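Below is a structure I'd like to ask you about.
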Amino acid sequence: DTGVSQNPRHKITKRGQNVTFRCDPISEHNRLYWYRQTLGQGPEFLTYFQNEAQLEKSRLLSDRFSAERPKGSFSTLEIQRTEQGDSAMYLCASSLGQGPPEAFFGQGTRLTVV
Amino acid sequence: AQSVAQPEDQVNVAEGNPLTVKCTYSVSGNPYLFWYVQYPNRGLQFLLKYITGDNLVKGSYGFEAEFNKSQTSFHLKKPSALVSDSALYFCAVGMDTGRRALTFGSGTRLQVQP
């Protein structure tokens, strides 16, 4: 499968614990995005990388959230001291080039904070 | 700032009938417009996009969308609905400059009855 891959698919964690998600984009794609989707809503932008540079962060991305893309390939999204409000589907997407941001999405990681 | 509105939470249509899923947008420049579909437990799948040129855009699975600049709309259409089209549909807007990420609407659930 050469699409966007996200791991794990599901994560249940206790409030206050740290979690880390991984995204492997389509191999030649230079742009990588993280979105968050809650039930009944559309995806909300969290952050965006072009190669290894993090170029934009949403105000939704509190200090407890950090994302990296160290070699311009895979990316990780870490949430520290999780809260129940962090429960959501975390989507990763990637795209190629400088033009219109047509993005290809992974299946997401569903986080449940109990 | 850019925004997308999908005024209908749900659209019901009988199989074989034409369907329309509505989308309006707001941007400060020239928009790039997208439609994505989401099936249960699946990531978002790209359907079609408008960048420039012909206002009628054809996409996957027989879907098409019409860009109307004066009405700032980008409605999704299909001449003959299938039961398998039942899913959650998202309209999204992007820009060619500045922010590279997409802004999504809240989604419209399409239910096609046999």
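Atoms considered below: every heavy atom in the structure, side chains included; atoms not considered: hydrogens, waters and symmetry mates. This one's a predicted model, so the numbers in the text were calculated from it and none came from an experiment. Just so it is clear: chains get the letters A, B, ... in the order the sequence lines come, proteins before strands, and each one is counted from 1.
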- Item | Close side-chain approach of A:F21 to A:W34, heavy-atom, < 4.5 Å |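 The answer is yes; the side chains approach within 4.5 Å.
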- Item | Residues forming a salt bridge (Lys or Arg N to Asp or Glu O under 4.0 Å) with A:E83, sequence neighbours excluded |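 Partners of A:E83 by the salt bridge (Lys or Arg N to Asp or Glu O under 4.0 Å) criterion, ordered by chain and then number, come out as A:R64.
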- Item | Taking every non-hydrogen atom, the tightest pair across B:T20 and B:E8 |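 Between these two residues, the closest heavy atoms are O-OE1, 4.4 Å.
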- Proximal component of A:Q6, with respect to chain B [non-hydrogen, under 4.5 Å]: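 It is neither, since no heavy atom gets under 4.5 Å.
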- Item | Residues B:N68 and B:E66: side-chain donor-acceptor under 3.5 angstrom |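 Their side chains do not contain a donor-acceptor pair, so the 3.5 Å distance test is not met.
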- Any residue of residues 105-114 of chain A which, by heavy atoms, sits under 4.5 Å from chain B: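 Contacts with chain B: A:F105, A:G106, A:Q107.
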- Query: Roughly how far apart are A:R69 CZ and A:Q50 CD, rounded to 0.5 Å?
  - Reply: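 One finds 9.0 Å between CZ of A:R69 and CD of A:Q50.
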- Task: Describe, in one word, how the ring planes of B:F104 and A:Y35 are oriented to each other, choosing from parallel (under 30°), tilted (30 to 60°) and perpendicular (over 60°).
- Result: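 Ring orientation of B:F104 relative to A:Y35: perpendicular.
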- Message: Could you go through A:Y33 and A:S95, starting from their C-alpha distance and side-chain angles, then the distance that decides it, and tell me whether this counts as side-chain hydrogen bond (donor to acceptor under 3.5 Å, both in side chains)?
- Response: CA-CA 8 Å; A:Y33 312 82; A:S95 68; 3.0 Å; yes
- Task: Tabulate, in ascending numerical order, the residues of residues 105-114 of chain B having at least one heavy atom closer than 4.5 Å to a heavy atom of chain A, or enter 'none'.
- Result: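 Expected list: B:G105, B:S106.
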- Backbone N/O of B:F74 and side chain of B:W35: donor-acceptor pair under 3.5 Å: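 Confirmed, B:W35 side chain pairs with B:F74 backbone.
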Could you pull out all donor-acceptor pairs under 3.5 Å where a side-chain atom in residues 53-63 of chain B meets a protein atom, sequence neighbours excluded?
| unit_1 | atom_1 | unit_2 | atom_2 | d |
| --- | --- | --- | --- | --- |
| B:D54 | OD1 | B:L56 | N | 3.2 |
| B:K58 | NZ | B:E64 | OE1 | 2.9 |

- Message: If you count heavy-atom pairs within less than 4.5 Å of chain A, which of B:L44, B:D9, B:L88 leads?
- Response: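 The residue among B:L44, B:D9, B:L88 with the greatest pair count is B:L44.
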- Message: Please classify the contact between B:Q45 and chain A as side chain, backbone, both or neither, with a heavy-atom cut-off of under 4.5 Å.
- Response: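 Neither part, no heavy atoms under 4.5 Å.
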- Query: What's the shortest heavy-atom distance between B:T103 and B:S3, and which atoms?
  - Reply: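 Here B:T103 and B:S3 meet closest at CG2-CA, 4.2 Å.
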- A:T20 side, atom OG1; A:E78 side, atom CD - distance, nearest 0.5 Å: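 A:T20 OG1 to A:E78 CD: 4.0 Å, rounded to 0.5 Å.
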